[in-house]
Amino acid sequence: MKKKAEWPRRLRSQEWYGGTSRDVIYHRGWLKNQGYPHDLFDGRPVIGILNTWSDMTPCNGHLRELAEKVKAGVWEAGGFPLEVPVFSASENTFRPTAMMYRNLAALAVEEAIRGQPMDGCVLLVGCDKTTPSLIMGAASCDLPSIVVTGGPMLNGYFRGERVGSGTHLWKFSEMVKAGEMTQAEFLEAEASMSRSSGTCNTMGTASTMASMAEALGMALSGNAAIPGVDSRRKVMAQLTGRRIVQMVKDDLKPSEIMTKQAFENAIRTNAAIGGSTNAVIHLLAIAGRVGIDLSLDDWDRCGRDVPTIVNLMPSGKYLMEEFFYAGGLPVVLKRLGEAGLLHKDALTVSGETVWDEVKDVVNWNEDVILPAEKALTASGGIVVLRGNLAPKGAVLKPSAASPHLLVHKGRAVVFEDIDDYKAKINDDSLDIDETCIMVMKNCGPKGYPGMAEVGNMGLPPKVLKKGILDMVRISDARMSGTAYGTVVLHTSPEAAVGGPLAVVKNGDMIELDVPNRRLHLDISEDELAQRLAEWQPNHDLPTSGYAFLHQQHVEGADTGADLDFLKGCRGNAVGKDSH
């Protein structure tokens, strides 16, 4: 257990607010124009509430209200809360993709923390990119920090059917193309998909990353699953505000919580919950900020034998509301601990070990959180594939895939990019059937740019009309955590940098062998080498703005797609006072 720091002691914020010099009076005096009494600057912890609220980030649209509860908790514990708006990128709003701006948001958060008088931070997040970006920024500064998420939406219902946000968007869209649903019915269903504040109500990327924050030990136990409009979400926010004050007094930092053991706990948790493939790229990036050596091999090693026991869409049938009522993530962590799959002594933001937090919890619904013998998938971890088509790796989510396609050989039908796919996929003259393998290029970190969630390519209508619901799909893109199918993603190196994916041709045979972790292009080594030598990039390059910076510095998906100059730069140095 960590030894607590001496208290009281002089805190970082006193560099701005403590004393009687001209510069201190400058900093302190201006803040007093908000009506703060002088005794608030007496050395108590100043807590920055980093709020990703935005009208254009619907998942986080209720975070202003939660921020007030965090403030109440900070006040109660004797701290001084100051709310700070930070960059907020929503996947359902940002173009070309919010993923391109995850690193920009992390950089903005890092500098917001480093350049301002905060002693500790509450990371107020929700949608799938805000959670990793704020954890990344906080990890780089290594000030005491704690996550509180906005929580998922309530269940959706359409004509008596439970409707999962995202999951049913993909399902209903395919039904329209297959002629099984009218456009009018699709529009009617739209109103039932998002019926309350909060993030996706499936085990999509937002719910996955909330679970990852809790499994890493960066959020209070039970945080991940509380619905956004449940009064207990407000209680969690207030308790988080109280806790961060004590974390500052104890000097409990992210680097002491997010250890290699914590990341291994998170990887196994992701397997157990049937979490999003996006967790791979986000945890790799967070680990890079903390200075932890985490790789795709760790994902395969830790997740391979973990059963998927959470029966939630897109892998199962329930939604986050039922997951919360069943006991939420603490029950999953307890199950992992009982199975010998949890580092029980990993430290959490509570100051207690993860096992101390979960050892006494109860599973209230074993149809939602299943016994291991009834698992959705016996080996549910993210599969890491390698081979001549993915020398640096690719990933697949077995709990969302079709078992009969996990070993498959098929003819490649190639799309050069997302625009080529959109132009061809609905054409009945496209030479494709259900035995083919759909291949899409130039959708990786540099290629799209930003690596959009387009990897779960919709099937061609002429295949859907046969009643076929899944085909093998391969790309260097990502896919939404709400999506499903036998989809190979994050193929590295990506096509835009001349990876083998770039030279796949129509008619090539490709072998997918998930049990043996193999992804192979059936051409000779000499033929592959010749194609790669002749390859020329064919995508447009940005010439200005952040897109240019991103293009120049983003790394591959296999290491987290962070900007190369932001890794391993942890520290909380106070900048020079210029006044």
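Any value given below was found using the heavy atoms of this structure, including those in side chains, with hydrogens, waters and symmetry copies removed.
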### Query
Would you call the rings of F565 and H553 parallel, tilted or perpendicular, where under 30° means parallel and over 60° means perpendicular?
perpendicular

### Task
Spell out, as yes or no, whether a donor-acceptor pair under 3.5 Å connects the side chain of R243 to the backbone of S350.
yes

## Note on the structure
CG of L104 to CG of L549, rounded to nearest 0.5 Å, is 8.5 Å

#### Entry: Minimum side-chain heavy-atom gap F41-L31 below 4.5 Å
yes

### Query
Going through the distances and angles, do E322 and N155 end up as a side-chain hydrogen bond (donor to acceptor under 3.5 Å, both in side chains)?
CA-CA 9 Å; E322 284 98 354; N155 287 2; 2.9 Å; yes

### Message
Can you confirm whether more than 12 heavy atoms, excluding those of E83, are under 6.0 Å from its CD atom?
### Response
yes

### Message
Any non-hydrogen side-chain atom of T130 less than 4.5 Å from a side-chain atom of N60?
### Response
yes

### Message
Looking at E91 and R478, is there a salt bridge between them, counting it only when a charged N and a carboxylate O are closer than 4.0 Å?
### Response
yes

### Message
Is it true that, when you exclude K234 itself, more than 12 heavy atoms of the residues, nucleotides or ligands shown sit nearer than 6.0 Å to its NZ?
### Response
no

### Query
Any side-chain heavy atom of F323 within less than 4.5 Å of one from I369?
yes

### Query
For S276, which of T208, T205, D128 qualifies under side chain to side chain donor-acceptor pair (under 3.5 Å)?
T205

### Message
Between N363 (side chain only) and V331 (backbone N and O only), is there a donor and an acceptor less than 3.5 Å apart?
### Response
no

### Message
Tell me if the CZ atom of R9 is crowded by more than 12 foreign heavy atoms within 6.0 Å.
### Response
yes

### Task
Indicate yes or no for a side-chain donor-acceptor contact from S90 to the backbone of T57 under 3.5 Å, with no hydrogens or angles considered.
no

### Query
How long is the gap from CG on N278 to CE on M212, to the nearest 0.5 Å?
12.0 Å

### Task
Begin from the C-alpha positions of D298 and K260 and carry the test side-chain contact (heavy atoms from CB on, under 4.5 Å) through to its verdict.
CA-CA 10 Å; D298 291 312; K260 184 65 176 278; 3.6 Å; yes

### Query
From H168 NE2 over to M313 CE, what is the distance, rounded to the nearest 0.5 angstrom?
4.5 Å

### Task
Kindly write out the residues that satisfy salt bridge (Lys or Arg N to Asp or Glu O under 4.0 Å) with R195, not counting sequence neighbours, or none if the list is empty.
none

### Query
What is the minimum heavy-atom distance between H550 and P445, and which atoms define it?
CE1-O, 2.9 Å

### Query
At their closest point, which heavy atom of P330 faces which heavy atom of V358, and how far apart are they?
O-CB, 3.6 Å

### Task
Tell me, yes or no, whether the heavy-atom count around W7 atom CH2, taken from other residues, nucleotides or ligands under 6.0 Å, exceeds 12.
yes

### Summary
In short, L566 meets L107 closest at the heavy-atom pair CD2-CD1, 3.7 Å

### Query
Going through the checks in order, is the side-chain contact (heavy atoms from CB on, under 4.5 Å) test met by L336 and V306?
CA-CA 9 Å; L336 290 173; V306 180; 3.9 Å; yes

### Task
Only counting residues at least two apart or in another chain, list the ones meeting salt bridge (Lys or Arg N to Asp or Glu O under 4.0 Å) with E357.
none

### Message
Using only atom types and a distance under 3.5 Å, with no angle test, would you say the side chain of K129 pairs donor to acceptor with the backbone of M99?
### Response
no

#### Entry: Residue pair S196 / L154: nearest heavy atoms and the distance that separates them
OG-N, 3.0 Å

### Message
For a 4.5 angstrom cut-off between non-hydrogen side-chain atoms, does V332 reach L329?
### Response
yes

### Query
How far apart are the C-alpha atoms of R10 and E15, what are their side-chain angles, what is the distance that settles it, and do they pass the side-chain contact (heavy atoms from CB on, under 4.5 Å) test?
CA-CA 9 Å; R10 183 177 173 86; E15 297 293 331; 4.2 Å; yes

### Query
Quick check: does any side chain N or O of H62 sit under 3.5 Å from a backbone N or O of G150, one acting as donor and the other as acceptor?
yes

## Note on the structure
CD (Q34) and CG (L82) are apart, to the nearest 0.5 Å, by 9.5 Å

### Query
Under the 3.5 angstrom rule, does the side chain of N201 hit a backbone N or O of S165 as a donor-acceptor pair?
yes

### Message
Can you confirm whether E256 is buried at CD, in the sense that more than 12 heavy atoms of other residues, nucleotides or ligands lie under 6.0 Å from that atom?
### Response
yes

### Query
Does a sphere of radius 6.0 Å around NZ in K334 hold more than 12 heavy atoms from other residues, nucleotides or ligands, not counting ones at 6.0 Å or beyond?
yes

### Task
Considering non-hydrogen atoms only, spot the tightest contact between E214 and G222 and give its length.
OE2-N, 2.8 Å

### Task
Go through T353 and K344 one step at a time and tell me if the side-chain contact (heavy atoms from CB on, under 4.5 Å) criterion holds.
CA-CA 7 Å; T353 68; K344 294 181 177 180; 6.0 Å; no

### Query
With a 4.5 Å limit on heavy-atom distance, are the side chains of Y17 and P117 in contact?
yes

### Query
Measuring from L143:CG to D251:CG, what's the distance to the nearest 0.5 Å?
8.5 Å

#### Entry: Member of I257, N265, L283, V349 meeting the side chain to side chain contact (heavy atoms under 4.5 Å, CB included) criterion with L216
L283

### Message
Is the shortest side-chain heavy-atom distance between N92 and F94 below 4.5 Å?
### Response
no

#### Entry: Heavy atoms from other residues, nucleotides or ligands near NZ of K32 exceed 12 (cutoff 6.0 Å)
yes

### Query
So, for G198 and M153, which heavy atoms are closest and what is the spacing to 0.1 Å?
O-CG, 3.3 Å

### T149 side chain to G126 backbone, donor-acceptor under 3.5 Å
no

### Task
Drop me the distance from I273's CD1 to M320's CE, to the nearest 0.5 angstrom.
8.0 Å

### Task
Check whether any side-chain N or O of N223 sits under 3.5 Å from a backbone N or O of A210 as a donor-acceptor pair, and report yes or no.
no

### Query
Can you check whether V395 reaches L296 side chain to side chain, under 4.5 Å on heavy atoms?
yes

### Side-chain touch L11/P45, heavy atoms, less than 4.5 angstrom
yes

### Query
Is there a donor-acceptor pair under 3.5 Å between the side chain of S192 and the backbone N or O of A189?
yes

### Side-chain donor or acceptor of R12 paired with backbone N/O of Q116 under 3.5 Å
yes

